[in-house]
Amino acid sequence: MALTSPRRAGRRTNVGLLALLVVAGGSGVLAFAVGAPGPARLVVAAHGAAGLGLLLLVPWKAVVVRRAWRRPPDTRGSGGVSLGVATLLTLLTGVLHAVGVTGPWSWTAGVPVLHVHVALGVATGALLVVHAWGRRQRPRATDLDRRGLLRAGALGAGAAALWGAGEGLLRLTGAPGAERRATGSFERGTDDPAAMPVTQWISDVVPDAASATLSLVAAGRRVQVPVTDLDRGDVVRAVLDCTGGWYAVQDWRGVRLDRLLTEHLDGQLPADGSVDVVSVTGFRRRLPLSDAGGLLLATHAAGRPLAPGHGAPVRLVAPGRRGFWWVKWVARVEVVDAPWWLQSPFPLQ
Ligand code: HEM
Ligand SMILES: Nc1nc2c(c(=O)[nH]1)N[C@H]1C(S)=C(S)[C@@H](COP(=O)(O)O)O[C@H]1N2
Ligand SMILES: [Mo]
C-alpha cells in the first residue's frame with residue numbers, strides 16, 4: 001500500500017518511528033513486570049509488533065537521511081547514526097531471542113541474549129532522547145484528521161501483520177521459539193531443579209551461610225522459627241519465569257505463608273496491609289498480605305531440598321509473578337501497614 005511516496009517522507013515518518021519506539025520501550029518494560037499468561041501474551045505481541053514495525057518505515061527514513069546528508073553538516077543534528085545502529089541491533093537481538101537460536105548467541109554463553117537486547121533497548125532510549133531533543137516534531141491538527149488516522153492505522157496493521165508472519169514462520173520451521181511461553185521465555189529444567197539456571201537479579205550473590213532461623217515480625221512482635229520447622233508438606237505446582245528468558249515448572253514444597261503467619265502471629269495480622277519478604281542478602285520484595293494464601297515458603301523442589309543457589313534453606317514461591325518476586329534465602333518475613341506498591345517496581349540489587 002502506497003501511503004505516501006517515499007519522496008515526500010519527512011515529519012510523519014519521524015513521528016511514526018518515535019511512536020513505535022515509545023511503544024516498544026514501554027511494552028518491553030511492561031513485559032518484565034507481567035507474569036499472568038493472558039496479559040503477558042498481549043504485551044509481548046504489542047512489543048514484537050512495535051519493534052518489527054520499525055522495519056516498515058526504513059524506506060521512508062532512508063529518504064529522510066539521504067536528504068539530510070545533502071545539507072551542510074551543521075544543519076544536521078547529531079546522534080542519528082548511533083541511534084540507527086543501536087535500534088537495528090536491539091531489533092536483531094530481540095528477534096534472535098524470539099527465534100531461540102542455540103550456541104554462542106543463547107543464554108548458555110553466560111549472558112542471555114535477552115539481557116543484551118534489554119541493554120541495547122535502554123541505550124536506544126537514551127540515544128533517542130539525545131537525537132530528538134531540540135528537533136521536536138510538533139503535533140499538528142492534521143495528524144488526527146482522517147488521513148492521519150488512516151496512516152497510523154495502516155502502520156499498526158502492517159506491524160501486527162509482520163509480527164503474525166514472524167510467529168507463523170517460527171511454527172512452520174519448527175524453530176525453538178515456537179515453544180516459548182506467553183512471556184517469551186523458554187523451558188529449562190522443569191521437574192529437574194538441578195537443570196534450572198541459578199539466576200541473580202542484578203548484583204546479588206549466593207550467600208556463604210544462610211540463616212538457620214526465620215524471623216516473623218508483626219506489630220512489634222518477633223518470633224524465630226527454625227527453618228527445619230518449615231517443611232509442612234504444603235505443595236504448590238508453579239512456574240518460575242525469569243526475565244532472563246527461561247522458565248521451569250516445579251512441585252514446590254514447604255509451608256503456605258498464611259498458615260505460618262496465623263500460627264505464629266494470629267491477632268497481630270491487619271485486615272489489609274503488606275508483607276515484606278527479606279533475604280539474608282538484603283534483596284527484598286513487598287507483597288499484599290491478601291495474597292498470603294497463594295504464597296509458599298518452599299524448602300523443597302521436586303521432592304529434594306533446595307540447592308544453595310536456588311535459595312536454600314527457604315525461598316518464596318509466588319505463583320503468577322515473575323522470577324524477581326521469588327526471594328531466595330529468606331531470613332525475615334515482616335507484616336507492615338505500607339501498601340505493597342510503595343516500593344521500586346523492580347528490585348535494586
Ligand atoms: C526501543 C527498544 C526496543 C525494540 C525496538 C525492541 C524490539 C524487539 C523485537 C523486534 C523483539 C522480537 C519480537 C518477536 O520477534 O516476536 C523483541 C523481543 C523482546 N523484547 Fe524488546 N525491544 C526493545 C526494548 C526492550 C526492552 C527495554 C525490554 C525489557 C525491559 C524488552 C524486552 C523484550 C522481551 C522480553 C522480548 C521477548 C519477547 C518474545 O519472545 O517475543 N525489549 N524486542
Ligand atoms: N535473594 C535473591 N533472591 C532472588 C534473586 C536474587 O538476585 N537475590 N533473583 C530472583 C530472580 S530474578 C529469579 S529469576 C529467581 C531465580 O531463581 P533460581 O536462581 O533458583 O533459578 O530468583 C529470584 N530471587
Ligand atoms: Mo530473573
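As the structure lists them, so they are numbered: ligands from 1, and atoms in each ligand from 1.
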Counting from 1, what ligand 1 atoms have a heavy atom of Leu91 closer than 4.0 Å?
-> 10 (C)
Which one of Gly48, Gly100, Ala31, Gly94 has a non-hydrogen atom at the shortest distance from atom 12 (C) of ligand 1?
-> Gly94
Nearest neighbour in protein (non-hydrogen) for atom 16 (C) of ligand 2 = Thr199 O, 3.6 Å
Taking the side chain as every heavy atom from C-beta outward, state whether His97 and Val95 have any atom pair closer than 4.5 Å.
-> no
Is the shortest side-chain N to carboxylate O distance from Asp145 to Arg151 below 4.0 Å?
-> no
Which side chain to side chain donor-acceptor pair (under 3.5 Å) pairs, counting each pair once, include a residue from residues 294-319, with sequence neighbours left out?
-> Arg253-His300
Tightest non-hydrogen contact, residues Val44 and Trp163, listed as O-NE1, 4.5 Å
Do Ser203 and Gln349 have side-chain N/O donor and acceptor atoms under 3.5 Å apart?
-> no
Going by heavy-atom distance to atom 31 (C) of ligand 1, choose the closest among Arg41, His115, Arg181, His47.
-> His47
Please say whether the positively charged group of Arg286, taken as NZ for Lys or CZ for Arg, lies over the ring of Trp340, i.e. under 6.0 angstrom from the six-membered ring centre and within 45 degrees of the axis.
-> no
For ligand 2, indicate whether the residue Arg315 contacts it via side chain, backbone, both or neither (heavy-atom separation under 4.0 Å).
-> side chain
Answer yes or no: is there a side-chain heavy-atom contact under 4.5 Å between Val317 and Pro319?
-> yes
Sub-4.0 Å heavy-atom approach of Val122 to ligand 1 = no
Going by distance alone, is a donor N or O of one side chain under 3.5 Å from an acceptor N or O of the other, for Thr124 and Thr87?
-> no
Mark yes when over 12 heavy atoms from residues, nucleotides or ligands other than Arg41 sit less than 6.0 Å from its CZ; otherwise mark no.
-> no
For atom 21 (O) of ligand 2, the closest protein heavy atom turns out to be Pro197 O, 2.7 Å
Protein heavy atom at shortest distance from atom 11 (C) of ligand 2 | Gly323 O, 3.5 Å
Ligand 2 versus Leu240, non-hydrogen atoms closer than 4.0 Å: side chain, backbone, both, neither?
-> side chain
Starting from atom 18 (P) of ligand 2, which protein heavy atom do you reach first, and at what distance in Å?
-> His310 ND1, 3.4 Å
Could you list the atoms of ligand 1 found under 4.0 angstrom from a heavy atom of Arg180?
-> 16 (O), 39 (C), 40 (O), 41 (O)
Considering only heavy atoms, does Thr243 approach ligand 1 within less than 4.0 Å through its side chain, its backbone, both, or neither?
-> neither
Numbered in order shown, the ligand 1 atoms found under 4.0 Å of a heavy atom of Thr90 are 2 (C), 3 (C), 4 (C), 6 (C), 22 (N), 23 (C)
Electrostatic pair Arg284-Glu334, nearest N-O below 4.0 angstrom | no
Side chain proximity check, Asp231 to Val255, heavy atoms < 4.5 angstrom | no
Between Arg237 and Asp251, is there a salt bridge with N-O shorter than 4.0 Å?
-> yes
Considering heavy atoms of the protein only, find what lies nearest to atom 7 (O) of ligand 2 and give residue, atom and distance to 0.1 Å.
-> Trp201 N, 2.8 Å
Contacting atoms of ligand 1, where contact means under 4.0 angstrom from a heavy atom of Val44 | 38 (C), 39 (C), 41 (O)
Ligand 2 versus Phe346: contacting region, heavy-atom distance under 4.0 Å | neither
Protein contact of atom 24 (N) of ligand 2 - nearest heavy atom, named by residue and atom, plus distance = Trp326 O, 3.0 Å
At under 4.0 Å between heavy atoms, which part of Pro347 makes contact with ligand 2: side chain, backbone, both or neither?
-> neither
Out of Ser185, Ser27, Gly53, Gly28, the nearest non-hydrogen contact to atom 26 (C) of ligand 1 is supplied by Gly28
Considering the heavy atoms of Trp163, write down every atom of ligand 1 situated less than 4.0 Å from one of them.
-> 16 (O)
Starting from the C-alpha separation in whole Å, work towards a yes-or-no answer on side chain to side chain contact (heavy atoms under 4.5 Å, CB included) for Val217 and Val335.
-> CA-CA 6 Å; Val217 187; Val335 177; over 6 Å; no
Atom 2 (C) of ligand 2 has as its nearest protein heavy atom Asp204 OD2, 3.3 Å
Note: ligand 1 atoms sitting under 4.0 Å from heavy atoms of Leu54 are 5 (C)
Output the list of atoms in ligand 1 that are nearer than 4.0 Å to some heavy atom of His97, sorted by atom number.
-> 37 (C), 40 (O)
Could Arg181 and Asp241 be called an ion pair, given the rule that one side-chain N must be under 4.0 Å from one carboxylate O?
-> yes
Do me a favour and list the nearest non-hydrogen protein atom to atom 3 (N) of ligand 2 with residue, atom name and distance?
-> Lys328 N, 3.0 Å
What do we get for Trp325 next to ligand 2 when only non-hydrogen atoms under 4.0 Å count, side chain, backbone, both or neither?
-> neither
Pair Arg256 + Asp258: basic N to acidic O under 4.0 Å | yes
Numbering as shown, the atoms of ligand 1 that approach Leu21 to under 4.0 Å (heavy-atom distance) = 1 (C)
Identity and distance of the protein heavy atom lying nearest atom 34 (C) of ligand 1 = Leu114 CD1, 3.6 Å
If you measure from each non-hydrogen atom of Ser279 to ligand 2, which part falls under 4.0 Å: side chain, backbone, both or neither?
-> side chain
